[in-house]
Amino acid sequence: MTSPEDAAPREVLLEVDQVTLRFGGVVALDNLSFQIYKGEIIGLIGPNGAGKTTCFNAMTGVYRPTSGEVRFDGEQVSGRKPHRINRMGIARTFQNIRLFPEMTALENVLVGADSRHHTSVIGALFRLYRVKPKPEELPVVDSTNGLLRFWQQVRRSSAQVFGISRHTLEERAGERKALELLRFVGIADRANDLARNLPYGYQRRLEIARALATEPKLLCLDEPAAGFNPAEKEELLDLIRKIRDRGFTVLLIEHDMRLVMGVTDRIVVLEFGKKIAEGSPAEVRDNPKVIAAYLGEPADAA
Ligand SMILES: Nc1ncnc2c1ncn2[C@@H]1O[C@H](COP(=O)(O)OP(=O)(O)OP(=O)(O)O)[C@@H](O)[C@H]1O
């Protein structure tokens with residue numbers, strides 16, 4: 001729709017369709033329309049108060065548009081509860097980090113992964129559903145201590161004979177996945193530390209890992225580089241690219257123009273709740289309206 005070089009049809013993942021959102025007299029979003037395509041990294045930028053966070057909130061169910069609608073994967077999002085929207089495949093991080101401070105990094109990610117578990121509460125309580133485990137799911141026998149090794153052997157044999165409950169298998173798979181995600185975002189060395197004790201940069205990465213644990217189709221990052229130094233920002237850029245290369249679609253709200261320009265495929269620019277530009281980073285950077293919005297100058301002076 002915007003980049004002339006895009007000849008191949010792209011699959012729309014999310015559509016913001018003529019969304020207006022008012023807070024009393026304030027028009028935070030004004031007849032806003034844009035699309036997010038599968039597999040892209042799209043940036044949503046604009047000066048302070050432009051409506052970026054409100055747009056995020058309309059997409060993730062925090063606010064219901066006054067008019068217009070948001071569609072995700074062909075289904076209407078507007079009006080659904082945030083956890084339902086999360087289940088549809090939209091995950092987000094927050095401008096102000098929101099972790100469970102008294103849980104470990106691993107546990108924080110497990111909370112995200114939990115939303116994907118399938119066993120019922122009753123099944124989990126009674127651990128009724130026992131299934132034959134695959135060889136790699138059997139308890140390991142690796143201790144060099146004779147007594148401990150014997151115990152491990154007993155557990156392994158019992159799992160072979162009686163099977164393992166589906167719930168336990170899911171728990172173990174969840175833990176493996178959570179650890180792998182911590183490794184992916186680069187903080188596995190602190191997996192067992194309480195979230196509140198992690199350095200700031202780790203906490204930001206942990207938020208991303210937790211969002212990824214819900215296996216989203218769209219990951220929305222709200223100013224993920226806030227408070228980062230240039231080296232940390234550079235590392236974050238690499239991480240965002242890695243996330244896209246894994247097949248996720250990424251929406252990025254960011255104040256740091258350099259960061260946005262360096263990582264996005266396409267950018268939507270808001271000012272006073274309206275879309276004033278949309279296109280590749282180069283197109284947006286050279287757009288007089290964008291320059292004016294950021295510099296506070298009239299468009300024809302840029
Ligand atoms: N809950 C609310 N109640 C009333 N007005 C609000 C509310 N949330 C946002 N606004 C107003 O809506 C407009 C858009 O705000 P929003 O936070 O979405 O902008 P933003 O682009 O995310 O800004 P920033 O970059 O400063 O985070 C602003 O005028 C803001 O004051």
Side-chain angles (χ1 to χ4, degrees), residues 14-36 41-70 72 77-83 85-86 90-99 200 203-204 207-208 211 218-229 232-233 236-237 240 250-264 266-279 281 284-285 287-297 299:
L14 183 136
E15 189 165 20
V16 175
D17 188 7
Q18 298 187 316
V19 167
T20 293
L21 209 151
R22 291 196 189 89
F23 297 108
V26 178
V27 184
L29 297 177
D30 190 355
N31 200 26
L32 178 66
S33 296
F34 68 92
Q35 295 175 324
I36 299 179
I41 303 177
I42 181 168
L44 187 62
I45 67 171
N48 283 335
K52 305 179 294 291
T53 301
T54 304
C55 181
F56 242 44
N57 285 335
M59 283 166 39
T60 51
V62 179
Y63 297 142
R64 190 182 188 141
T66 313
S67 63
E69 63 177 48
V70 179
F72 179 71
V77 160
S78 322
R80 295 195 191 213
K81 295 259 184 308
H83 70 274
I85 294 175
N86 181 261
I90 303 181
R92 69 174 293 181
T93 64
F94 293 86
Q95 235 172 65
N96 309 313
I97 295 172
R98 295 189 194 178
L99 294 167
Y200 177 74
Q203 293 191 8
R204 282 237 166 259
E207 267 221 311
I208 295 175
L218 174 65
L219 175 68
C220 304
L221 302 173
D222 195 353
E223 297 204 24
F228 275 8
N229 63 35
E232 287 170 328
K233 282 183 181 171
L236 183 74
L237 283 187
I240 294 173
V250 181
L251 170 66
L252 175 67
I253 287 189
E254 187 49 61
H255 262 121
D256 187 318
M257 288 287 275
R258 215 180 64 82
L259 194 137
V260 176
M261 297 284 168
V263 76
T264 50
R266 232 156 41 86
I267 297 176
V268 170
V269 191
L270 302 185
E271 189 186 26
F272 300 122
K274 282 192 162 79
K275 181 172 79 178
I276 58 164
E278 180 176 6
V284 160
R285 191 184 45 224
N287 184 313
K289 281 190 191 165
V290 178
I291 297 169
Y294 269 88
L295 299 179
E297 290 174 357

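Counting convention: from 1, in listed order, for ligands and their atoms alike.
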Qualifying residues under ring-ring contact (aromatic ring centres under 6.0 Å, His included), relative to Tyr63, sequence neighbours excluded: Phe23

Could you name each residue pair satisfying salt bridge (Lys or Arg N to Asp or Glu O under 4.0 Å) that touches residues 51-61, not counting sequence neighbours? none

Among residues two or more places apart or on two chains, list those pairs meeting side-chain hydrogen bond (donor to acceptor under 3.5 Å, both in side chains) that have a residue in residues 17-26. Asp17-Arg71

Near Phe94 CZ, under 6.0 Å, is it more than 12 heavy atoms from other residues, nucleotides or ligands? yes

Less than 3.5 Å apart, N/O on ligand 1 and N/O on the protein: could you list those pairs with the distances?
unit_1	atom_1	unit_2	atom_2	d
ligand 1	1 (N)	Tyr63	OH	3.4
ligand 1	18 (O)	Thr54	N	2.9
ligand 1	18 (O)	Thr54	OG1	2.5
ligand 1	19 (O)	Gly51	N	3.1
ligand 1	21 (O)	Ala50	N	3.1
ligand 1	21 (O)	Gly51	N	2.9
ligand 1	21 (O)	Lys52	N	2.9
ligand 1	21 (O)	Lys52	NZ	2.9
ligand 1	22 (O)	Thr53	N	2.8
ligand 1	22 (O)	Thr53	OG1	2.8
ligand 1	23 (O)	Gly49	N	2.9
ligand 1	25 (O)	Asn48	OD1	3.4
ligand 1	25 (O)	Lys52	NZ	2.8
ligand 1	25 (O)	His255	NE2	3.3
ligand 1	26 (O)	Asn48	OD1	3.3

Rounded to the nearest 0.5 Å, what separation is found between the CZ atom of Arg266 and the CD atom of Gln35? 8.0 Å

Count the heavy atoms belonging to other residues, nucleotides or ligands that lie under 6.0 Å from NZ of Lys233, then report whether that count exceeds 12. yes

